[in-house]
Amino acid sequence: MPIEYTNLEKIRLEKLERLRAQGIDPYPTRAQRTHTSSEAAQIFEKAESEGADTNISVILAGRIRSIRTMGKITFAHIEDGDGKIQLFFRANDIGEEALAFFNKEFDLGDFIQANGELFRTKTGELTLRVSAYRLLAKAITPLPADKEEEVDGKIVRHTSLSDPEMRYRQRYADLAINPQVRQIFRTRAAVVRALREFLDRNGFLEVETPILQPIYGGAAARPFTTYHNQLKQNLFLRISFELYLKRLLVGNIERVYEIGRDFRNEGVDRTHNPEFTQLEFYMAYADYEKVMTFTEDMVVYTADQVLGKRTITYQNHELNLQPPWRRLELHQGILDVTGIDINACPTAESLAAAMQAKGIQVEPQATRGKLIDGLLGDYLCPTLIQPTFVYNYPRDISPLAKSKPENPSIVERFEGYIAGMEMCNAFTELNDPQDQEARFLEMGRDYDADDEERHPMDEDYLRAMRYGMPPNGGFGMGIDRLTMLFTNCPNIREVILFPHLREQDAEA
RNA sequence: GGGUGCGUAGCUCAAUGGUAGAGCAGUGGCCUUUUAAGCCAUUGGUUCAGGGUUCGAGCCCCUGCGCACUCACCA
C-alpha cells in the first residue's frame, strides 16, 4: 500500500526535492560535532568566570525545536542529547542568501550541524552565532507542535503530544518532544545499574538462563507457547527464572542472579504488562529473614545511587525506604483488616464460612490458600503504603518454599509491599527433593488435566535437587514496578518503552 | 471477558439535530539580539469504520475497531 502523505508532509517532500535539485544530500553520511549543548555551556561559562576570551568556536549538532525569524535575523533552538541551545543566524554573518535558504528549506524536527562562536544575547541567553550550517537529516513528518515558556523558573507547556495511545504507539515521537519521558528511562537504567552493582559487590554471579523452555514453572501463571519447527518441539516462554537459577545452586554457584524478561499470558492493567523485567537472586545458606534485610539494603542502595535520598514521593504518598521496614505476619495482617483469624480456619470450608459471615464474597471452589491470597490482595494490600514485609504464607500457594520447622502448614515466605503494590516475593527455598515432589503432586491435584494453569512436573529439576541443593534464600522483584516508584509513574506502561498494545486493525 | 467514558485539522481542543471552528504548526508578506516573539493575510477535514433514524447527523440508535479508567482474572 502506498504511503499517504499529509499536506504538511507533501510540503516538506517538496523542500526535500528542491534540496536534491541543488545537489544537497538531505541525508549526508558524515556529521561533525565538537561539543554537546551542555559541554558548550560549560566551556563558555568557565571562560566567562575566568575573564578569558569567550569567542569560542564550536560545531554543534541537533534537532531543530523552534524557529523565530525576524527579517534579517533568525533565532532557532536545537536540542541534542544533553539539552537545548540557541542558534543565531544573521544576514551580516552568513549572507542574505544563506539566511533565506535556512528560513525556506529548514523545518522543526530537522537535524542540523552549525559552526560558529558562542556569545550571550541581550537577554543573557547562551547562543551560537552561526557562521556556517549544514543539513544532517530532513524530517518529513512534523513532530507534534510543542511550545514551552519559562515562568518564574517553571517550564509551562502550551501544547504537546499527550494522547497516551499515540505516545505509546509512536514512542519515538513521545521521546523526541517530552524530555521528562527520556528522564524516566534514564532513571530506569540507573535503577538496573544500581541493582547489578549491589549484587556484584556482594559476590553474586550474573547469568542468563533459557527464555524458551520445554517445561515452564517457578510461578503460577499461564505461559505463552511457541514451536520449534526443525525440532518439532513445543516450547514455552518462561514465566520465571526460578527453577533454572536453583539448578545452578546445585552446581555449586552459591550466589546467582538474573535480570531479564518474563512473559505471562494474563490480564493487562496498570501494574501488569505481558512481558516484564524481573530480578531474581538465590543466596546459599540464607533464609528468608536474611533475604529480608538484604532486600532492604539493596533497595536503599538503589535509592541512594539513583535518587540520592531515601524518601520517595509517589502519587499522594510520602514513602520512607529507611530500614528496617515494617514486618507483618500474614495471619496478623488479615486479622487486623478483616477481623478474620485464618489460623482458626484450617480448611477452605471453615475459612469460606468465616468470610461469608463478614459479608465477603467467596469463590465456590477456591482452595484455602486462594481464599487467603484473595483476602491479602483485596483487603491487606491496599493498606500497605509504607514498605512492609508480609511474611509466613500458607503452604498450598507456595509450592517452592520451605515449611516452618515448627508448623508444616506455613512456609517461610514473604512479599514486600510499597504503595499498595506487590514489589517482591521471596522465600526460604525448598531443597528437600522428596518434599518438592510431594508439593508438585499436591499442586497437580488442584487442577484438571486440561487446565491451562496446571503445571507439568519438572522431573529434571527434581533430579538436580536429589544431587543436593544447599539451603538457600531466593528472591524475585519486578523492575518495572520499582521503576514506577522511583519515577512516580502510576502506570507500568510509562516505564516500558514499547508497552504492549492491541494490534490496530490492518486493513479489515 | 463485564461496566463507564472517549475517538473532530499534523498536535491540543471547541461546536442546542440546522453553513464543522480556535490556538499552535504550515504557507505568503513586514520585521537585524528574539523568548509561547509580534503584526497582516492564508491553506488545511472520509468528524475512527460500517449501517440505521431524520427533510437534515460530529451530535440520536445499532455493530465493529482502538484507547483510558474500573471490575473480574492473575499461588
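Convention: sequence-line order gives letters A, B, ...; per-chain numbering from 1.
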For the pair made of CD in A:Glu165 and C1' in B:C69, what is the distance, rounded to whole Å? 15 Å

Tell me which nucleotide among B:G10, B:U35, B:U33 gets nearest to the side chain of A:Glu125. B:U35

A:Lys138 NZ - B:G26 P separation (whole Å): 11 Å

B:G26, OP1 or OP2 - any side-chain N/O from A:Arg12 closer than 4.0 Å? no

Give a yes/no answer on whether the side chain of A:Lys10 brings an N or O atom under 4.0 Å of OP1 or OP2 in B:G10. no

Heavy-atom nearest nucleotide on RNA chain B taken for A:Thr123 and for A:Asp269; more 5' hit belongs to A:Thr123

A:Asn92 side chain, from C-beta outward: closest of B:U32, B:U27, B:C74: B:U32

Of the candidate nucleotides B:U35, B:C13, B:A75, which contains the atom at the shortest distance from the side chain of A:Ala220? B:A75

Can you tell me the base-pairing partner of B:G66? Count Watson-Crick or G-U wobble geometry only, both distances below 3.5 Å, and say none if there is no partner. B:C6

Using purine N1 to pyrimidine N3 plus N6-O4 or O6-N4 for Watson-Crick, or N1-O2 and O6-N3 for G-U wobble, both under 3.5 Å, which nucleotide pairs with B:U46? none

When you check the phosphate oxygens OP1 and OP2 of B:A36, does a side-chain N or O of A:Arg68 lie under 4.0 Å from one of them? no

With no angle test and no hydrogens, is the base of B:U70 tied to the side chain of A:Arg270 by a donor-acceptor pair under 3.5 Å? no

Look at the side chain of A:Lys104 and decide which nucleotide, out of B:G28, B:U32, B:U34, has an atom nearest to it. B:G28

Any donor-acceptor pair under 3.5 Å between the side chain of A:Ser66 and the base of B:U35? no

5' precedence on RNA chain B between A:Asn425 and A:Thr69 (nearest-nucleotide basis): A:Thr69

Nearest-nucleotide pick for A:Met166, side chain only, options being B:U34, B:C11, B:A75: B:C11

Under 4.0 Å, counting only non-hydrogen atoms across every strand here, what does A:Arg167 touch: a base, just sugar-phosphate, or nothing? nothing

Among B:A68, B:A25, B:U12, which is the nearest nucleotide to the side chain of A:Arg493? B:A68

Regarding A:Gln213 and A:Tyr244, do their side chains bring together a donor and an acceptor under 3.5 Å, going by distance alone? no

Can you see if the side chain of A:Lys122 gets near the phosphate of B:A37 - specifically, an N or O under 4.0 Å from OP1 or OP2? no

Would a line drawn from the ring center of A:Tyr288 to the ring center of A:Phe427 be shorter than 6.0 Å? no

Whole-Å gap separating P (B:A37) and CG (A:Leu108): 10 Å

Within 45° of the ring axis of A:Phe389 and under 6.0 Å from its six-membered ring centre, is that where the NZ or CZ of A:Arg327 lies? no

Assigned partner base of B:C55, Watson-Crick or wobble definition, under 3.5 Å: B:G18

Can you tell me how far P in B:U42 sits from the matching atom in B:G21, rounded to whole Å? 14 Å

With P as the reference atom in both, quote the distance from B:U34 to B:A68 in angstrom, rounded to an integer. 45 Å

Between B:C74, B:C67, B:U33, which nucleotide gets closest to the side-chain atoms of A:His272? B:C74

A:Tyr133 ring center within less than 6.0 Å of A:Phe89 ring center: yes

Side-chain N or O of A:Asn491 less than 4.0 angstrom from OP1 or OP2 on B:C69? yes

In whole Å, what separates the C1' atom of B:U12 from that of B:A72? 35 Å

Measure from the side-chain heavy atoms of A:Asn7 and tell me the nearest of B:C67, B:U35, B:G44. B:G44

Checking base pairs now: Watson-Crick or wobble, both atom distances under 3.5 Å. What partners B:A72? none

Between A:Phe475 and A:Phe281, what is the ring plane arrangement, given parallel below 30°, perpendicular above 60°, and tilted in between? parallel

Between A:Phe236 and A:Tyr216, does the ring centroid distance fall short of 6.0 Å? yes

Could you tell me how far B:G2 sits from B:C48 if I compare only their C1' atoms? Round to whole Å. 23 Å

Pick the P atom in B:G58 and in B:U16, then give their distance to the nearest Å. 13 Å

Measure from CG on A:Leu400 to P on B:A75 and round the result to the nearest Å. 13 Å

Separation of A:Asn103 atom CG from B:C30 atom P, in whole Å? 11 Å

When you measure from the centre of the six-membered ring of A:Phe119, is the NZ or CZ of A:Arg129 under 6.0 Å away and within 45° of the axis? yes

Whom does B:G38 pair with, Watson-Crick or G-U wobble, provided both distances fall under 3.5 Å? B:C30

Say you pick atom C1' in B:U43 and the same atom in B:A9; how far apart are they, in whole Å? 11 Å

Among the nucleotides B:U70, B:U12, B:U34, which one has an atom lying closest to any side-chain atom of A:Met70? B:U34

Using the side-chain heavy atoms of A:Leu501, tell me which of these nucleotides is nearest: B:C67, B:C11, B:U33. B:C67

Within this structure, what is the CG-to-C1' distance between A:Leu8 and B:G10, rounded to whole angstrom? 5 Å

Rounded to whole Å, the CG-P distance (A:Leu161 to B:C67) equals 16 Å

Can you measure A:Leu13 atom CG to B:G10 atom C1' for me and round it to whole angstrom units? 14 Å

Taking atom P in both B:G29 and B:G66, compute the distance separating them and give it to the nearest angstrom. 46 Å

How far does the P atom of B:G17 sit from the matching atom of B:C61, given to the nearest Å? 11 Å

Is A:Pro394 touching bases, backbone alone, or none of the nucleic acid, heavy atoms closer than 4.0 Å? nothing

Would you say the side chains of A:Asp82 and A:Thr36 form a donor-acceptor pair under 3.5 Å? yes

Looking across every strand, which nucleic acid part, if any, lies under 4.0 Å from A:Phe119 by heavy atom: base, sugar-phosphate, or nothing? base

May I ask you to check whether A:Arg368 and A:Ser350 show a side-chain donor-acceptor distance below 3.5 Å? no

Base, sugar-phosphate or nothing for A:Ser398? Non-hydrogen atoms, less than 4.0 Å. nothing

